Each structure stands twice: as structure tokens, then as C-alpha cells.
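Worth saying up front: this structure is predicted, and the values here are computed from it rather than measured. Order of the sequence lines sets the chain letters (A, B, ...), proteins ahead of strands, with each chain counted from 1. Heavy-atom basis, side chains included; hydrogens, waters and symmetry copies ignored.
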Protein chains: 2
Amino acid sequence: MRAQALHGHLDALLLAVLEQGAQHGYAIIEALRARSGGTLDLPTGTIYPALRRLERAGLVAGTWSTVNGRERRTYQLTDAGSRALAGERAGWREFSATVGRFLGPAEPPATPA
Amino acid sequence: MRAQALHGHLDALLLAVLEQGAQHGYAIIEALRARSGGTLDLPTGTIYPALRRLERAGLVAGTWSTVNGRERRTYQLTDAGSRALAGERAGWREFSATVGRFLGPAEPPATPA
DNA sequence: GCCCGACAAGTAGGCTTTCTACGCATGAGG
DNA sequence: CCTCATGCGTAGAAAGCCTACTTGTCGGGC
């Protein structure tokens, strides 16, 4: 899937991943790929700038650590980040409900029971 | 709601509105506002260029008509537009399912029983 | 007669966000 | 020695939507 379509929701996804525990950029990329079943395969050039943006905004806190001689920047959700995530979640719900009203009520094939 | 978040889905919304019958730009804006319960209130500067883009792409066909001395451009879904809409719908479903996996499975606050 | 608000379409310039492509560095395996 | 996987990062370009503005008709209030 084009992450292009994410536009504006990428930040929310990153926060959501970090909600489950602090991680470094590379691991976040893999987490997104894994949790989405391979659908979300975002390039580093998308993730790293986004993380720095979130850091500048105070939603995540980054700390350097060295693992096997390799420098890692581990990002952790801040309080503000948690609050922002809650807002993003609410926003996503409204957004998906609204768009879903036009593009199909988000009723997947479903196997409804 | 910021239509900014639409990014890439606006075309799909327009096609979806036109699916229910040909309409002119101004009416489309009102249809979006009405059907979304007021959530989607898109400015003309967003809709009109988008419609022309869709027209250039051959997804809608526009025809001029004069009503009460006022010029109207009525847009109608083309075959290609219908097909595109189907694709957009599928794309939306995948997209919302994927993002929903991270931001909450579309489970609203719910008052859980 | 004049002005304003609703209807109706459109353009121009700017902003934000993401993508592509590249650079730099370490450690392991061939 | 060279390459690949890990790991971080920047630069420039492309895409999409927004704000603000312009043009024009019609109807109502003053």
C-alpha cells in the first residue's frame, strides 16, 4: 500500500506502535510491516524524518544507546504523546466513520458469525 | 474535520457522491456536508479543482447548463469513473482495515454493555 | 437606485507531508 | 577485501489540499 494515502495518519501510526513500548526507528518499520501483514512497508526516508518531527513536537522522546557498537536512537512515548495518540484515535474514528459512510460502511466480507 | 486528512481519498468521495446521480459542484459540496452530518464542510477551492482533475482524468463528464440565468456545470460519472470508484472502495477498505489495526479496530468508545 | 447575501464557478499561491535517492558507519560471512 | 544486513540520517522533488480572491446572477431590504 502506498503510504502516500496515510497522509496525516502516519504520526498516529508511529505513536500507536510506540504505545506498546519504546523502540528504535528500524524496529518500528519492522513492527509496522509485521502488524500490517506486510501491507505497510515504509521506507526509512519516511520514518526517520517523521520521528524527528514527533520529537520536535514533544510527542516522543529519543535517547541514544549503543548496541553492538551500533548507535541506536530509541524513541519513547511522552505524556503529551499519549494524549496526542488518544486524540488521533478519536480523529481516526470520526474520519473512518465519515469516509466509510460514502465508500462503504467498512463492512468487510466479514464472515459475520 | 480537516479535509486535509482526506489526502488521496477526496476523489473517491466525489465519485461516490456522483454515483447517486449527476450533480453540480455546489450541490456536491452540500451533499457531502449533509451526508456526513456536517463533518465534511469542504471549501469550493477544494472541490472545483478536484472535479476538473477528475474530468481531465476521464472519470467524470461535465456539461454546462443554465438554470435561472446561472451557469451550472453538471458532472456525471463515466464508466471509467465507476470502475475507478470500485477500485477506490477496495483501496479504502484495505486502508481502513490496516490503519484500524493500529488505531483501534473501529471499536468506538461503545458503552460496552 | 443601491447594497448585501445566497448561489455558482473558478484561479493563484502557499503549506504540509511523503517519496526517491543517496551518504555514512559497523559487524559478520565468504 | 567485499558485500550484505543493520541502523541513522539528509536533500530535493512531487502530490494534494487550503486560504483568499475574482467574476457573475438573482432576490430582498432600505
Would you be so kind as to tabulate the donor-acceptor pairs closer than 3.5 Å made by side chains of residues 22-36 of chain A, with sequence neighbours excluded?
{"from": "A:R33", "atom 1": "NH1", "to": "A:D41", "atom 2": "OD1", "distance (Å)": "2.9"}
{"from": "A:S36", "atom 1": "OG", "to": "A:L32", "atom 2": "O", "distance (Å)": "2.8"}
{"from": "A:S36", "atom 1": "OG", "to": "A:R33", "atom 2": "O", "distance (Å)": "3.3"}
{"from": "A:S36", "atom 1": "OG", "to": "A:T39", "atom 2": "N", "distance (Å)": "3.3"}
{"from": "A:S36", "atom 1": "OG", "to": "A:L40", "atom 2": "N", "distance (Å)": "2.8"}

Quick one: side chains of residues 79-90 of chain B, donor-acceptor pairs under 3.5 Å with protein atoms, not counting sequence neighbours, listed by atom name and distance.
{"from": "B:R89", "atom 1": "NH1", "to": "A:F102", "atom 2": "O", "distance (Å)": "3.3"}
{"from": "B:R89", "atom 1": "NH2", "to": "B:E19", "atom 2": "OE1", "distance (Å)": "2.6"}
{"from": "B:R89", "atom 1": "NH2", "to": "B:E19", "atom 2": "OE2", "distance (Å)": "2.9"}

Distance, rounded to the nearest Å, where [X] contributes [atom1] and [N] contributes [atom2]:
X: A:D11; N: C:dT18; atom1: CG; atom2: C1'; result: 11 Å
X: A:E55; N: D:dC8; atom1: CD; atom2: C1'; result: 13 Å
X: A:L32; N: C:dT18; atom1: CG; atom2: C1'; result: 15 Å
X: A:L54; N: D:dC8; atom1: CG; atom2: P; result: 15 Å
X: B:I47; N: D:dG16; atom1: CD1; atom2: P; result: 15 Å
X: A:I28; N: D:dC8; atom1: CD1; atom2: C1'; result: 12 Å
X: A:L42; N: C:dT20; atom1: CG; atom2: C1'; result: 14 Å
X: B:H7; N: D:dA15; atom1: NE2; atom2: C1'; result: 6 Å

_Sequence-distant partners of A:E55, salt bridge (charged side-chain N to carboxylate O under 4.0 Å, His left out), two or more places apart_ = A:R73
*asked:* Test of understanding: with salt bridge (charged side-chain N to carboxylate O under 4.0 Å, His left out), list the residues that count as partners of A:R70, not counting sequence neighbours.
replied: none
*With sequence neighbours left out, write down each residue that passes side chain to side chain donor-acceptor pair (under 3.5 Å) with A:S65, or none if nothing qualifies.*
none
*Parallel under 30°, tilted from 30 to 60°, perpendicular over 60°: which one fits the rings of A:H9 and A:F95?*
tilted
Polar atom pairs (N or O), protein with nucleotides 7-11 of chain C, under 3.5 Å:
{"from": "C:dC7", "atom 1": "OP2", "to": "B:Y26", "atom 2": "OH", "distance (Å)": "3.0"}
{"from": "C:dC7", "atom 1": "O2", "to": "B:R70", "atom 2": "NE", "distance (Å)": "3.4"}
{"from": "C:dA8", "atom 1": "OP1", "to": "B:R72", "atom 2": "NE", "distance (Å)": "3.2"}
{"from": "C:dA8", "atom 1": "OP1", "to": "B:R72", "atom 2": "NH2", "distance (Å)": "2.6"}
{"from": "C:dA9", "atom 1": "OP1", "to": "B:R73", "atom 2": "N", "distance (Å)": "3.0"}
{"from": "C:dA9", "atom 1": "OP1", "to": "B:R73", "atom 2": "O", "distance (Å)": "3.4"}
{"from": "C:dA9", "atom 1": "OP2", "to": "B:G25", "atom 2": "N", "distance (Å)": "3.4"}
{"from": "C:dA9", "atom 1": "OP2", "to": "B:Y26", "atom 2": "N", "distance (Å)": "2.7"}
{"from": "C:dA9", "atom 1": "OP2", "to": "B:Y48", "atom 2": "OH", "distance (Å)": "2.9"}
{"from": "C:dG10", "atom 1": "O6", "to": "B:T44", "atom 2": "OG1", "distance (Å)": "3.2"}

